Amino acid sequence: MQTLHAAFSAKIDAVLNALEMEGHLPPGASRAGVTVEPPRDPSHGDLATNAAMVLAKQAKTNPRALAELIVEHLKREPDIAEAEIAGPGFINMRLANDAWRRELASIASLGEDYGRSTIGAGTTVNIEYVSANPTGPMHMGHCRGAVVGDALAGLLEWAGYRVTREYYVNDAGGQVDTLARSAHIRYREARGEEVGEIPEGLYPGEYLKPIGERLAQEFCDTYKNADESEWLALFRERAVAAMMDMIRADLALLGIHHDLFTSEAELQAAKKPEQAEAWLRGKDLVYDGVLEAPKGKAPPEDWEPVELPLFRSTQFGDDQDRPIRKSDGKWTYFGADLAYHFQKADKADALIDIWGADHAGTVKRIKAAVAALTQGAGRNVPFDVKLVQMVQLMRNGEPIKMSKRSGNFVTIADMVEEVGKDVVRFTMLTRKPEAQMEFDFAKVVEASKDNPVFYVQYAHARIRSTMRKAGVKPSGENLDRLGNAELALVREAAQFPRVIESAAKAREPHRIAFYLGDLAGAFHGFWNAGNDDTSLRIIQEDEPELTSARLYLADAIGQVIRNGLAILGVEAVEEM
RNA sequence: GCGCCCGUAGCUCAGUCGGAUAGAGCAUCAGAUUCCUAAUCUGGGGGCCACAGGUUCGAAUCCUGUCGGGCGCACCA
């Protein structure tokens, strides 16, 4: 299904072909810069093209002269009501009302598929997001990346990509040993021991108590006084599994479900990092060298130069070569991550990682690794890292203090319970992800038009309630009864497919949220006009034909809102 | 010191592939709101797009530099 805007782009293209035939344009003139898009100022019309300005030089004429030739052709198109030259050589077009009525009918017939695009062409995209360490419940720090990643996944699916939602489980580093030790204390506690204060450096959170109890049930006193070497691996496995169950449950509260959980420990057991290292050494991209001392601050007390296997990330734009193994021979996080990305790149046409901004410093090295591994193997796998900035939690304008040390932090479960899944998801998408944001518990639940979640959902609820109240059914039979005010709404709704495509290309799901705010605003405006002028109200008791045509319109607006919300994973409510 | 992100109205923020007179909400000011589908509506004022150069028909947008804010700069994860 071709979108309205694509159809008109094609018309412009056809006109340019005709001009080539007529000799007004040199054959094969580059149309790279030609755009056909709605002008920012609606008084300029529905669509505008810069074709004349871009091509004037190649046609060896001035923009306005070329524009006149183009306009002549455009005027023959029945769907183009007006075409005129403006400013330095823009061509502004107003579409025939029938074109908008047909678009309205197409919203109705495509229904919940309206806005789907095929620009992804079935290529596979792997999106890795959340990937929180399995050492505790999900808290606020993870929330934004989780929502942005999930909404991006939904968006790309709508745009015709085949998406894998992946979670990388960091179950191989020192932090999971710490988890196992913390669980061991809770286990001893559950066996009746007085453990007192949790020692510095271990996880103090209450959430480990149930795990201790389960371990106590399973193992009784077997490991109570045993040496760490006897229980560490076992407790680690049990505790990580329990943490992952908890994390999955937290994510489910947000409506997030990953397709794939990849374990770092399994990856290492399968010798993937060794394979990557061997391959990179073969290409001289890993060598044994001495790491430079940390810059910008006094080197740590125990700093001494050590020879380590280093990856030549500087060859790919990083600031320094990075170690893939530690001096004890174990893999660094980067070493394992490198192998992990190689594995992902093997199975997808494109990779996207969603990371917290605190990992910004490691973007270059992992991009370098992916470039080395894929390009070296003769493949080109586009790889994007999306950095998501921190969220400052507020309540009534006051920042909420959190301290991980004391185990006092706001969990996702707390948030969802207090404000609801839809509010959390939508609010996280009301700012571009790379900008810092505040999340005020008081503001996000406010039922007023200052609150975008409410504003959009209220528009949908209003539409649904009107449908319920009307005595007649919506009908596309008498769309010629719809006038300018109604068609203006269709214009806004018709932007939806374009918004999807541009948001998908830019990988920016927040654009959908902003668009829905605009669409809801247009609908509320239309509704409010009915307060002053009763003839503009949707339901006209003595005019069933007009009523059913307006219901048809309202239904279509509701459909677009539902589709947009569905992409973002937010419910469209029936009433409020 | 280095790297990355950000800097747009008093405030919170949009701004599509470089496009025309830079937008929205809040706040503010002036009106409307007996009825009605009102968890309001209409209109006004408010801008050195941080600053300085550059690229070009055209720059908030791209490039260089400066200033300001945030994050990061382990063999941690």
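Just so it is clear: chains get the letters A, B, ... in the order the sequence lines come, proteins before strands, and each one is counted from 1. These numbers were taken from a predicted model, which means no experiment stands behind them.
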K.L.:
Hey, which of these two, A:P39 or A:R537, hits RNA chain B nearer its 5' end, going by closest nucleotide?
P.N.:
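Nearest nucleotide further toward 5': that of A:P39.
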K.L.:
Is A:Y458 stacked on the base of B:A39, meaning ring centres closer than 5.5 Å and planes within 30 degrees of each other?
P.N.:
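Base of B:A39: not stacked against A:Y458.
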K.L.:
Would you call the rings of A:F526 and A:F523 parallel, tilted or perpendicular, taking 30° and 60° as the class edges?
P.N.:
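Tilted: the ring planes of A:F526 and A:F523 meet at 30° to 60°.
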K.L.:
A:L536 CG to B:A38 C1': how many Å, rounded?
P.N.:
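In whole Å, B:A38 C1' and A:L536 CG are 16 Å from each other.
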K.L.:
Is there a donor-acceptor contact under 3.5 Å from the side chain of A:D384 to the main chain of A:I352?
P.N.:
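No, the answer is negative, given that no donor and acceptor are paired below the 3.5 Å cut-off.
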K.L.:
What about A:D518: does its side chain form a donor-acceptor pair under 3.5 Å with the base of B:A14?
P.N.:
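Looking at the base of B:A14, it does not pair with any donor or acceptor on the side chain of A:D518 (distance under 3.5 Å).
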K.L.:
From C-beta outward on A:E508, which listed nucleotide comes closest to its side chain: B:C13, B:G15, B:A77?
P.N.:
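Nearest to the side-chain atoms of A:E508, counting from C-beta on, is B:G15.
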K.L.:
To the nearest Å, how far apart are A:R365 CZ and B:A74 P?
P.N.:
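Roughly 9 Å, once rounded to whole Å.
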K.L.:
At under 4.0 Å between heavy atoms, what does A:S327 touch on the DNA or RNA strands: base, sugar-phosphate, or nothing?
P.N.:
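Base contact - A:S327 has a heavy atom under 4.0 Å of at least one base atom.
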K.L.:
With respect to the side chain of A:T332, which nucleotide from B:C75, B:A77, B:A14 is positioned closest?
P.N.:
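Among the listed nucleotides, the one closest to the side chain of A:T332 is B:C75.
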K.L.:
Quick one: is A:N528 getting a side-chain N or O under 4.0 Å of the B:C41 phosphate, OP1 or OP2?
P.N.:
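Answer yes for this pair, as a side-chain N or O of A:N528 is under 4.0 Å from OP1 or OP2.
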K.L.:
What nucleotide among B:U16, B:A77, B:G72 has an atom nearest to a side-chain atom of A:R498?
P.N.:
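Nearest to the side chain of A:R498 among the choices is B:U16.
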K.L.:
Sort me out a list of protein N/O and nucleotides 56-60 of chain B N/O pairs below 3.5 Å, or just none if empty.
P.N.:
from, atom 1, to, atom 2, distance (Å)
B:C57, OP1, A:K57, NZ, 2.6
B:A60, N6, A:R40, NH1, 2.9

K.L.:
What nucleotide, of B:C75, B:A20, B:C13, holds the atom closest to the side chain of A:R431?
P.N.:
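Closest nucleotide among those given: B:C13.
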K.L.:
Considering only B:A74, B:C4, B:A20, which nucleotide approaches the side chain of A:L387 most closely?
P.N.:
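Side chain of A:L387 sits closest to B:C4.
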K.L.:
Would you tell me whether A:Q540 and A:T547 have side-chain atoms, one donor and one acceptor, within less than 3.5 Å of each other?
P.N.:
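No.
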K.L.:
Among B:G15, B:C13, B:C17, which nucleotide has an atom closest to any side-chain atom of A:H510?
P.N.:
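Closest nucleotide to the A:H510 side chain: B:G15.
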K.L.:
Which nucleotide, B:A39, B:A38, B:C75, lies nearest any side-chain atom of A:F454?
P.N.:
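Nearest listed nucleotide: B:A39.
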K.L.:
Look at the rings of A:W355 and A:H341 and say which category their plane angle falls in: under 30° parallel, 30 to 60° tilted, over 60° perpendicular.
P.N.:
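Rings of A:W355 and A:H341: perpendicular, over 60°.
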K.L.:
Taking any heavy-atom pair under 4.0 Å as a contact, classify A:A86: base, sugar-phosphate, or nothing.
P.N.:
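Base contact.
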K.L.:
Of the candidate nucleotides B:C17, B:G7, B:A77, which contains the atom at the shortest distance from the side chain of A:H359?
P.N.:
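So the nucleotide nearest the side chain must be B:A77.
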K.L.:
On RNA chain B, compare the nucleotides closest to A:A172 and A:N50; which residue's is nearer the 5' end?
P.N.:
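Result: A:N50.
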K.L.:
Without hydrogens or angle criteria, can the side chains of A:N133 and A:T135 be said to hold a donor-acceptor pair below 3.5 Å?
P.N.:
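A:T135 and A:N133 do not have a side-chain donor-acceptor pair below 3.5 Å.
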K.L.:
Quick one: side-chain hydrogen bond (donor to acceptor under 3.5 Å, both in side chains) partners of A:T178, sequence neighbours excluded?
P.N.:
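Scan of A:T178 (side-chain hydrogen bond (donor to acceptor under 3.5 Å, both in side chains), adjacent residues dropped) gives none.
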K.L.:
Carefully, step by step, assess A:D288 and A:R325 under the rule salt bridge (Lys or Arg N to Asp or Glu O under 4.0 Å).
P.N.:
CA-CA 10 Å; A:D288 296 311; A:R325 284 179 193 264; over 6 Å; no
